[in-house]
S.K.: 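A single structure is presented below for examination.
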Number of protein chains: 2
Amino acid sequence: MADGLTGAGRPGTAASPRQLTRGRVVQAAVEFVDKHGMRELTMRRLGAYLGVDPMAIYRHVPGRDALLDAVVGVVVDDVLEVMRREEAEPGTWDAYLERLAHAVRGAALAHPQVFPLVATRPPAAPWLRPPLRSVRWVELFLRTLRGAGFSGRQAVAAYRAFTSFLLGHLLLEVSAIGVDTSPVDEPAPTDPGVGDLAGFPTVAGLQAELTEDHSAAEFQRALDDLVAHVAAMRTGA
Amino acid sequence: MADGLTGAGRPGTAASPRQLTRGRVVQAAVEFVDKHGMRELTMRRLGAYLGVDPMAIYRHVPGRDALLDAVVGVVVDDVLEVMRREEAEPGTWDAYLERLAHAVRGAALAHPQVFPLVATRPPAAPWLRPPLRSVRWVELFLRTLRGAGFSGRQAVAAYRAFTSFLLGHLLLEVSAIGVDTSPVDEPAPTDPGVGDLAGFPTVAGLQAELTEDHSAAEFQRALDDLVAHVAAMRTGA
DNA sequence: ACCTGAACACCGTTCAAGT
DNA sequence: ACCTGAACACCGTTCAAGT
């Protein structure tokens with residue numbers, strides 16, 4: 001802080017010791033959302049978190065919407081970087097889909113509060129489907145499949161099926177983690193409203209099964225199915 | 001309006017000729033969101049839309065969050081009602097899944113602006129998975145499958161796979177419809193940013209295929225796959 | 001007792017006034 | 001020329017003052 005160059009007054013509450021920068025603003029927003037959830041993210045609160053005047057943020061980002069897009073971009077690019085390193089690696093297309101799926105899942109679980117944003121922000125183009133919502137990502141995906149012998153049409157069909165699969169599974173998985181937690185504290189972690197299950201005998205009887213978490217196994221199983229689906233559409237169409 | 005009974009002063013801008021009611025408030029909110037999108041929905045604007053004092057809404061709904069939950073509930077219950085009528089109908093479990101899937105898709109396409117809310121509002125319990133997010137719905141689903149010979153565990157697994165499938169496909173389908181449209185008008189409906197596709201030859205080359213819409217066929221194909229998946233998990237496990 | 005609307009504590013963002 | 005912070009046009013919600 002008192003390093004002689006920055007004339008800023010108060011120290012930031014968080015990790016931002018020096019000059020404000022677009023990257024620093026966006027990174028702070030990701031941290032803030034990870035910590036407190038989307039609902040708490042406010043331009044003014046982010047300013048306080050960074051230890052700067054709230055208006056200073058507007059010098060690096062045009063407004064709140066652009067900031068949210070940038071937050072999504074950070075998470076999306078994280079996975080992109082992981083996958084780019086493997087681009088040249090040998091391997092079949094199904095091994096590629098497998099790696100990509102688990103990379104995206106890793107990012108979603110690392111930022112469960114951000115992922116719903118990845119899923120629902122209006123994409124820049126209608127064919128940019130969440131969560132693979134950057135042109136670079138789509139390019140990489142399609143190129144890999146084309147390189148594996150897919151026709152253009154087949155590669156696009158695989159892109160569509162793959163994104164649907166990822167979105168459904170990951171959105172449900174992160175939403176089960178307890179995203180938000182902002183309203184009043186839940187009554188008790190055990191029996192969540194068992195009392196009002198009076199008229200629902202089947203649900204009541206399966207309460208134990210419904211509460212068990214098999215996310216990882218179900219994800220893998222659905223992924224296997226998806227790969228089979230893509231393989232079938234490849235030979236079929 | 002001037003039907004002699006209601007003493008209200010100004011006529012509502014929309015269809016609300018008589019006494020304010022919880023149902024009327026929620027219904028107006030659904031209409032408003034269908035027309036203007038989630039971002040525009042405000043307690044004050046909803047009051048204006050109903051032609052009442054904004055504070056009057058609070059007499060029928062505890063707050064904004066509760067209103068949003070109620071909006072989701074309306075869409076969810078629409079489908080529920082359709083399916084309940086068919087509960088006693090004969091038919092195999094896969095015909096049931098088929099009907100239910102298309103019923104939910106119909107609701108999503110009827111309210112594309114509301115569906116992202118159905119998908120992302122934190123559920124009342126972690127095992128209430130969007131878009132089948134009411135206990136009554138889960139009860140009906142599980143009961144039907146149990147009735148078709150599924151074990152409890154198998155029925156729950158089918159419930160999980162089915163909700164993931166629906167959520168991924170429908171969220172992507174409605175988001176492609178052009179949900180929002182609130183920011184500045186798009187430049188042109190044709191070539192969406194073809195200019196910046198310089199470094200992305202594969203995407204550029206597949207622009208036509210990427211723009212084509214095969215939602216209905218893809219939904220059906222994925223649904224067939226899901227049914228096969230469930231059938232396999234039933235004989236397998 | 002019920003309802004209204006002024007008031008409060010916030011927002012995102014603009015822009016004039018300072019340096 | 002650059003940056004700050006007062007000010008504007010909104011929010012959701014409370015609550016005292018009216019009927």
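Below, chain A is the first sequence line, B the second, and so on; all start at residue 1.
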S.K.: For residues A/Phe162 and A/Phe141, establish whether the separation of their ring centroids is below 6.0 Å.
M.R.: yes
S.K.: Want to settle it: does A/Arg64 or B/Arg59 sit nearer the 5' end of DNA chain C, counting the closest nucleotide to each?
M.R.: B/Arg59
S.K.: Would you sketch DNA chain C in dot-bracket for me? Only Watson-Crick or G-U wobble pairs with both distances under 3.5 Å count, crossing pairs as [ ], other-strand pairs as |, the rest as dots.
M.R.: ||.|||||...|||||.||
S.K.: Looking at A/His36 and A/Leu41, would you say the former's side chain and the latter's main chain have a donor-acceptor pair under 3.5 Å?
M.R.: no
S.K.: B/Leu132 and side-chain contact (heavy atoms from CB on, under 4.5 Å): which single residue from B/Val104, B/Leu140, B/Val76 fits?
M.R.: B/Val104
S.K.: Could you check B/Asp53 against A/Met43 and say which one's nearest nucleotide on DNA chain C is further toward the 5' end?
M.R.: B/Asp53
S.K.: Run the ring-centre check on A/His111 versus A/Phe115 and record whether the distance is less than 6.0 Å.
M.R.: no
S.K.: Looking at B/Phe200, is A/Arg136 sitting on its ring face, NZ or CZ under 6.0 Å from the six-membered ring centre and within 45 degrees of the normal?
M.R.: no
S.K.: If you find the nucleotide of DNA chain D closest to A/Arg44 and the one closest to A/Ala56, which residue's nucleotide is nearer the 5' end?
M.R.: A/Ala56
S.K.: Please find the earliest and latest nucleotides of DNA chain C, in the 5' to 3' direction, that have an atom within less than 4.0 Å of any heavy atom of chain A.
M.R.: C/dC11 to C/dT14
S.K.: Determine the Euclidean distance between corresponding C1' atoms of D/dG12 and C/dT14; express it in Å to zero decimal places.
M.R.: 23 Å
S.K.: Does the A/Glu139 side chain pair with the main chain of B/Val203, one donor and one acceptor, at a distance under 3.5 Å?
M.R.: yes
S.K.: Sticking with atom P, work out how far C/dC8 lies from D/dG18, rounded to a whole angstrom.
M.R.: 16 Å
S.K.: Please report the interatomic distance CD(A/Glu218) to CG(A/Leu223), rounded to the nearest 0.5 Å.
M.R.: 13.5 Å
S.K.: Describe the nucleic acid contact of B/Met55 in one word from base, sugar-phosphate, nothing, applying a heavy-atom distance below 4.0 Å.
M.R.: base
S.K.: Does any N or O in the side chain of A/Arg45 come within less than 3.5 Å of the main-chain N or O of A/Glu40, such that one atom is a donor and the other an acceptor?
M.R.: yes
